[in-house]
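Report on the structure given below.
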Amino acid sequence: MNTQELLIKDGTLVTVDPEHSILSGDILIRGGRIVAIEPSISVRAKQEVIEARGRYILPGFVQTHVHLCQT
């Protein structure tokens, strides 16, 4: 089980929710899952921290273009 924490600080989060929300702040990821999105999250020991000021944070993209039906 991956219990490592990743904290992405001061980024602009582009969501894929129905309102197409754009949020600013911090994202905490634990064990590969987002556990918090807040305006500011304090850095704790043993966290990997990425400074994202001036950068966009996008959700992962999934490749859905397949040619299975052609095989």
- Quick one: does T15's side chain have a donor or acceptor within less than 3.5 Å of a partner on S21's backbone? yes
- Determine whether I41 and V49 fall in the same hydrophobic cluster, where Ile, Leu, Val, Met, Phe, Trp and Tyr are linked whenever their side-chain heavy atoms lie under 4.5 Å apart. yes
- Is H20 close to I22 at the side-chain level, that is, under 4.5 Å between some pair of heavy atoms? no
- Note on the structure: CD1 of I8 to CD1 of I57, rounded to nearest 0.5 Å, is 5.0 Å
- Query: Heavy-atom distance under 4.5 Å between the side chains of L7 and I27, does that happen here?
  - Reply: no
- Output the distance between atom CG (L23) and atom CG (L13), rounded to the nearest 0.5 Å. 5.0 Å
- Message: Checking R33 now: which residues fulfil side-chain hydrogen bond (donor to acceptor under 3.5 Å, both in side chains) with it, not counting sequence neighbours?
- Response: none
- Task: Please examine the side chains of E5 and I29, heavy atoms only from C-beta on, and report whether any two atoms are closer than 4.5 Å.
- Result: no
- Item | Hphob cluster co-occupancy, Y56 + I37, side-chain heavy atoms under 4.5 angstrom | no
- Shortest non-hydrogen pair, S42 vs Q47, comes out as O-OE1, 4.0 Å
- Message: What's the separation between atom CZ in R30 and atom CG in L6, rounded to the nearest 0.5 Å?
- Response: 11.5 Å
- Heavy-atom distance under 4.5 Å between the side chains of K9 and R53, does that happen here? no
- Query: With a 4.5 Å heavy-atom cut-off, do Q4 and E48 have their side chains touching?
  - Reply: yes
- Looking only at atom types and distance, does a side-chain atom of D26 sit under 3.5 Å from a main-chain N or O of D10, one as donor and one as acceptor? yes
